[in-house]
Amino acid sequence: MKKLLGWGEIGSTMSEISQKHPRAESLRLRERISEGFKTGLVIPEGLAAHGRGEAFDYLLGEKTSAAAKEAIDAAVASLLLAKNPVISVNGNVAALVPGEVVELCKITNSKLEVNLFHGSSAREKRISRWLKKHGAREVLGAEKKFSVRIKEIQSDRRKVDSRGIAKADVVLVPLEDGDRTEALKKSGKLVIAIDLNPMSRTARAADITIVDNISRALLLMVKTAKKLSFVERANLKKLAKFDNEKNLQTSFERMLRGLDALKK
Ligand code: PTJ
């Protein structure tokens with residue numbers, strides 16, 4: 001047993017997964033999510049959602065596609081162009097990519113906000129502390145006095161922070177449900193989603209959807225943000241132009257080819 005490198009200092013006693021295992025990365029992520037469940041960051045429904053994601057990732061060959069790379073460029077350019085960008089974090093995101101999400105916030109000058117589908121103020125605070133342990137200076141979403149409601153949303157996600165999502169112009173919502181994506185769009189915000197399912201309501205409702213595993217997508221977003229932070233606004237605007245429907249279709253076709261290859 002050893003600590004997982006790059007996952008911070010906190011309480012990980014994950015078993016060592018052989019580098020030679022053909023699906024080592026997927027198994028490592030599985031350990032992170034189950035560790036997150038044991039430490040109270042992730043809820044049982046989060047484990048089921050992760051399993052659904054794994055199935056789609058399998059069809060992508062567990063690799064970032066060219067379509068996802070194009071979406072990542074557009075997403076990062078949009079975050080860099082925004083006046084008030086916000087990155088929303090739920091239990092699964094906190095368990096899988098805490099360090100990467102904090103780094104992306106810093107490079108793109110975004111705010112970090114905890115927003116949960118299955119709300120609980122104890123879990124909000126736990127996630128907030130966890131993100132701070134990974135270097136976040138400020139985490140919004142866990143203080144009652146700044147809490148406001150988006151009336152179009154039925155779930156606990158309607159509760160947002162007046163300093164964050166409420167006044168954001170661009171919001172990154174990884175592993176999201178469709179309701180909030182639609183509501184955020186209705187209120188005039190540009191919505192970026194990360195979702196392995198190109199057919200989900202979230203994927204179709206967002207302005208930019210990155211069809212990739214969040215663990216690979218976030219790493220690449222951090223790298224891209226470092227590169228693009230030196231690029232002129234006029235060029236960023238060109239990169240930010242994006243046809244979500246066409247990109248989703250390309251991702252879907254990539255998966256169909258993946259299925260076809262499995263048949264042979
Ligand atoms: O912590 P909470 O309370 O906010 O709850 C978080 C979950 C994920 C349980 C909640 O947001 C939820 O129920 O989400 P859904 O509606 O199941 O949607 C999650 C989407 O993310 C699905 O389309 C999955 O295919 C996709 N997904 C799962 N794991 C990954 C993923 N996409 C990218 N990377 C993953 N690792």
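Start at 1 and go down the list; that is how both ligands and their atoms are numbered.
- Near G53, the atoms of ligand 1 lying under 4.0 angstrom from a non-hydrogen atom of the residue are 25 (O), 27 (N), 28 (C), 29 (N).
- By the rule that hydrophobic residues join a cluster once side-chain heavy atoms approach within less than 4.5 Å of another member, L218 and F56 end up as members of separate clusters.
- At a cut-off of 3.5 Å, with distance as the only test, no side-chain donor of E245 or Q249 sits close to an acceptor on the other residue.
- Here D212 has backbone heavy atoms under 4.0 Å from ligand 1, and that is the only part of it that gets that close.
- Under the rule for a side-chain contact (heavy atoms from CB on, under 4.5 Å), the partners of R204 that lie at least two apart in sequence or sit in another chain are L248.
- Close approach to D195 involves these atoms of ligand 1, each under 4.0 Å from a residue heavy atom: 20 (C), 21 (O), 22 (C), 23 (O), 24 (C), 25 (O), 26 (C), 32 (N).
- Checking R216 against T64 by side-chain atom types alone, a donor-acceptor pair falls below 3.5 Å.
- Identified under the side chain to side chain donor-acceptor pair (under 3.5 Å) test for residues 194-203, with sequence neighbours left out: D179-R201, E182-R201, D195-S200.
- The line from CE of M221 to CD of E100 is 12.0 Å long, rounded to the nearest 0.5 Å.
- Nearest to atom 8 (C) of ligand 1 among the protein's heavy atoms is A49 CB, 3.8 Å.
- If you check which protein heavy atom lies closest to atom 13 (O) of ligand 1, you get F117 CD2, 4.3 Å.
- Separation of atoms NZ (K238) and CG (L236) is listed at 10.5 Å; rounding is to 0.5 Å.
- By the 4.0 Å heavy-atom criterion, R123 is counted among the residues contacting ligand 1.
- Of all atoms in ligand 1, listed by their number and element, those nearer than 4.0 Å to a heavy atom of G46 are 9 (C).
- Of the N or O atoms in L196, one or more lie within a sub-3.5 Å distance of an N or O in ligand 1.
- Interface atoms of ligand 1 facing E176, defined by a heavy-atom separation under 4.0 Å, are 18 (O).
- Close approach of ligand 1 to G91 is summarised as follows: ligand atoms under 4.0 Å from at least one heavy atom of the residue are 1 (O).
- In this model, no donor atom of one side chain and acceptor atom of the other lie less than 3.5 Å apart for R32 and S215.
- Here the heavy atom of the protein found nearest to atom 6 (C) of ligand 1 is N90 ND2, 3.7 Å.
- Protein heavy atom closest to atom 11 (O) of ligand 1, with residue, atom name and distance, is R157 NH2, 2.8 Å.
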